[in-house]
Amino acid sequence: MRFAEQPIKLRIVAAGGTFMHFDTGRTGPRRPALSLRLGVTGHRHLPSEAIGSLAAQVETVLGALASAIGGIGGSLDNPFAGGEPNLTILSQLAVGADQLVAQVGMASGWSLAAVMPFSPDRFFRDFDEPDRERFVALLDQCEASWHLPGDGEEAQQAYALAGEATVAQSDLLIAIWDGATARGPGGTADVVDHAIRRGVPVVHISATGAHDATLLWAGIDSMPSALLHRHNVPRRPADQATLTATVEALLLSPAEAAERRYLAEFAAERLPRVCLRLEYPVMLAVAGVRPLRRTDLLPARSMDAGDALDEAYCWADRLADAYAQVYRSGSVFNFAAAAAAVLVALLGFLAPHLKLAIVAVELLLIVGLIANTMIGNRREWHRRWLDYRYLAEQLRVMRSLKRLNVATPMTDVAAHLREARWTDFYAAAIWRQLTPATIADQPALAALAAEAIADIKDQISYHRANSARMHLLDHRLHQAGTLLFHATIAVGLISLVGLAAGIDLIVSHVKLFTFLSAALPTVGGALFGIRGQGDFAGAAGRSSRTAARLERSAASLCTAPFTLGRTARIMEDAAISMLDDLGEWRAAYTYRKLLIPA
């Protein structure tokens, strides 16, 4: 696909004038960099006679992966930013397989990054004297390196966490492995099993060099990765065709034309300078839910300084807010305009001398309603709101997960391949650009956990407040609509009794009572229509459920001790909690359109 590069001006106009002005001369959402990170696991002690064969197989695999990446970068529908692709080997730099792949990779033009189970000084002591020089030389050539809070007393557990971190930060894993069962936590087989369960493709190279490389991946047959291990995972020869198909499945935007269009539209978005669609904020103020805010009219446009994640999140979050207001305001306008058209028509009973003006106003309202509906549906305000909100929440959780090193944004491989969405592609591409930070020791881990707890509590507060706000709005609309229908009954009874009894006041104002008996249920119906279209009760329920699940995650995090693996799993559960109800909402209402009230 091609993204718009030239500044343009887009002005969306409905009856009544411009309601949302986008200044597209500004830079739009960042296009992600094209990158691939290849993790390494394998045996420390490799047969000396097999080193040459192993190096040749590694070189072949790296060449095939680089060729696949080059094909993506040179394609006409390349959705990535310009420049050379970032090809990175992620290694623990241990003796044997780690150092072999690192050396072959750098010779083939790949960059090197290191994740270590301990601090470099502590890790250095695990090498024999000849191996220390190679370790130090490789570490000096790393473009990035970080380490976990391991110590010598629990070395095996530290190595196991380093294996998890390698998997968590890699798109693919290359395993130089004899195929035997793991000899303990953190062994090659253990890391391979972890990668398979996490849905990370594994390129298996026999440690003896006796067999050709094979690919182990749940995505080959779209199987649920959580149910698999090394014995039943689908396998294919790791040839050029297989590796190209794997890289394309991992990195390319969805094949579905609609999803690719949505991605292109997001890249062409610009932040609004002013939003004149104030119907929804005004309704909130009238209902006593919240007062009007300056940002309802003048949305925030400045971007927070930061990395690719900060910028991407700001774009998605602010665009979601803008489209939420526009869509909700469009819904309020439609029901209000429909009710107003009926009321204006009814005024003909009370003021027949104004018939011409009444017809003109009624026509203007109907034209505005139709124009608002056509523009809103054509521009897909609702779909954009849901997509951008879901993307923003995907990006929101990434900062904490990336800093924990061993956590990942959880993805069901089978579901991803069957129902790939452009937001998944974009979030995954941003994730690849992030570099984890060192967790020096247990106090540093405890500080990370404390920040995670604070972030979760902020989200709990937001969802509790949003649930209360949506519940109050739903309740107020229900109350007002019910009151108007009760008032209709009262007016009808008064008219019936008055006319039957010949009461002069009623008889002389029969047109007014007729007007009220039609106007009151019309307005009441409009309020119920706004309530149903807005799904405010559903929004309150979703926020309430999310808050409850996050409270359980926060309570778990507050329970000592803070271990890296435990903290990462709890944070992954919290991330899933924040996305689950939102994902169901998005799936159920993606194609909801503005209605023309009957």
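None of these values were measured; they are calculated from a predicted model. We number each residue from 1, following the sequence as shown. Because only heavy atoms are used, hydrogens play no part in the values below, and waters and symmetry mates are left out as well, while side chains stay in.
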Q: Is the closest basic N to carboxylate O distance between E572 and R198 below 4.0 Å?
A: yes
Q: Shortest non-hydrogen contact from P32 to I430?
A: CB-CD1, 4.4 Å
Q: What I'd like to find out is whether the side chain of M470 reaches to under 4.5 Å of the side chain of S543, using heavy atoms alone.
A: no
Q: Are any non-hydrogen side-chain atoms of V40 and L90 less than 4.5 angstrom apart?
A: no
Q: Atom CG of L386 and atom CG of L391: how far apart are they, to the nearest 0.5 Å?
A: 12.5 Å
Q: Quick check: does any side chain N or O of R566 sit under 3.5 Å from a backbone N or O of S556, one acting as donor and the other as acceptor?
A: yes
Q: Would you confirm whether the ring centroid of F80 sits within less than 6.0 angstrom of the ring centroid of F425?
A: yes
Q: Can you tell me how far CD of E393 sits from OG1 of T423, rounded to the nearest 0.5 angstrom?
A: 12.0 Å
Q: So how far is it from R261 CZ to E256 CD, rounded to the nearest 0.5 Å?
A: 10.0 Å
Q: Would you give the length of the straight line joining atom CG of L172 to atom CZ of R37, rounded to the nearest 0.5 angstrom?
A: 13.0 Å
Q: Could you go step by step and tell me if T567 and L448 meet the side-chain contact (heavy atoms from CB on, under 4.5 Å) rule?
A: CA-CA 9 Å; T567 302; L448 272 182; over 6 Å; no
Q: Can you find a heavy atom in the side chain of Q325 that is under 4.5 Å from one in the side chain of D296?
A: yes
Q: Minimum heavy-atom separation for R432 and L250, please, with both atom names.
A: NH2-O, 3.0 Å
Q: Is E84 atom CD crowded by more than 12 heavy atoms from other residues, nucleotides or ligands, each under 6.0 Å away?
A: no
Q: Using the rule given for side-chain hydrogen bond (donor to acceptor under 3.5 Å, both in side chains), can you reason through N405 versus E164, listing the C-alpha separation, both sets of side-chain angles and the distance that settles it, and then say yes or no?
A: CA-CA 8 Å; N405 276 276; E164 289 187 28; over 6 Å; no
Q: Show the nearest heavy-atom pair for residues P117 and Y159, with the distance to one decimal.
A: CG-CE2, 3.7 Å
Q: Do R328 and M283 come within less than 4.5 Å of each other through their side chains, counting heavy atoms only?
A: no
Q: Taking the inter-plane angle between the rings of F118 and F123 on a 0 to 90° scale, is it parallel (under 30°), tilted (30 to 60°) or perpendicular (over 60°)?
A: tilted
Q: Looking at every heavy atom in both G105 and I89, which two are closest together, and how far apart are they?
A: CA-CG1, 4.3 Å
Q: Let me know which of V192, T41, V202 forms a side chain to side chain contact (heavy atoms under 4.5 Å, CB included) with W177.
A: V192
Q: Quickly, which of R389, E269, R383, H382 forms a side chain to side chain donor-acceptor pair (under 3.5 Å) with Y323? Name it, please.
A: E269
Q: Please examine the side chains of L139 and S145, heavy atoms only from C-beta on, and report whether any two atoms are closer than 4.5 Å.
A: yes
Q: Answer yes or no: is there a donor N or O on one side and an acceptor on the other, between the side chain of T242 and the main chain of A238, under 3.5 Å?
A: no
Q: Give, for atom CZ of R30 and atom CG of L309, the distance between the pair rounded to the nearest 0.5 Å.
A: 10.0 Å
Q: Name the one of L36, T88, V101 that satisfies side chain to side chain contact (heavy atoms under 4.5 Å, CB included) with W110?
A: L36
Q: Set out, in order, the CA-CA distance, both residues' side-chain angles and the distance that settles side-chain contact (heavy atoms from CB on, under 4.5 Å) for L38 and L62, then state yes or no.
A: CA-CA 9 Å; L38 178 66; L62 296 182; 3.3 Å; yes
Q: Closer than 3.5 angstrom, by distance alone: can the side chain of W146 be matched with the main-chain N or O of A114 as a donor-acceptor pair?
A: no
Q: Determine the minimum heavy-atom distance between A540 and H471, stating which atoms define it.
A: CB-N, 3.8 Å
Q: Can you find a pair of side-chain heavy atoms, one from D321 and one from P299, that are under 4.5 Å apart?
A: no
Q: What distance do L87 atom CG and L34 atom CG have between them, rounded to the nearest 0.5 Å?
A: 7.5 Å
Q: Within the side chain of D474, is there an N or O that forms a donor-acceptor pair under 3.5 Å with the backbone of F536?
A: no
Q: Any donor and acceptor pair, going by atom type alone, linking the side chain of E259 with main-chain N or O of W422 inside 3.5 Å?
A: yes
Q: As a quick check of understanding, evaluate side-chain contact (heavy atoms from CB on, under 4.5 Å) for I456 and S400, giving each step before the final call.
A: CA-CA 10 Å; I456 291 175; S400 295; over 6 Å; no
Q: Do T244 side-chain atoms and A68 backbone N/O form a donor-acceptor pair below 3.5 Å?
A: no
Q: Would you say the side-chain atoms of R421 and Y262 include a donor-acceptor pair closer than 3.5 Å?
A: no
Q: Would you call V326 and C275 a side-chain contact if the rule is heavy atoms closer than 4.5 Å?
A: yes
Q: Specify the closest pair of heavy atoms between H463 and A547, including all atoms of both residues, with the distance to one decimal.
A: CB-CB, 3.9 Å
Q: For the pair D307 and K402, find out whether any cationic side-chain nitrogen is under 4.0 Å from an anionic carboxylate oxygen.
A: no
Q: Could you check whether any side-chain N or O of R122 sits under 3.5 Å from a backbone N or O of P120, counting only pairs where one atom can act as donor and the other as acceptor?
A: no
Q: Could you check T563 against Q157 for side-chain contact (heavy atoms from CB on, under 4.5 Å), going step by step and ending with a plain yes or no?
A: CA-CA 11 Å; T563 64; Q157 181 62 27; over 6 Å; no
Q: Using side chain to side chain contact (heavy atoms under 4.5 Å, CB included) as the criterion, point out the one residue from V233, L173, V203 that pairs with L216.
A: V233
Q: Taking T546's backbone N and O only, do any of them form a donor-acceptor pair with S577's side chain (distance below 3.5 Å, no angle check)?
A: no
Q: Any side-chain heavy atom of L445 within less than 4.5 Å of one from Q442?
A: yes
Q: Counting only N and O atoms by type, is there a donor-acceptor contact under 3.5 Å from the side chain of Q433 to the main-chain atoms of A33?
A: yes
Q: Would you please classify the geometry between the F266 ring and the Y388 ring as parallel, tilted or perpendicular, with 30° and 60° separating the classes?
A: tilted
Q: May I ask you to decide whether R399 forms a salt bridge with D455, counting only side-chain N to carboxylate O separations under 4.0 Å?
A: no
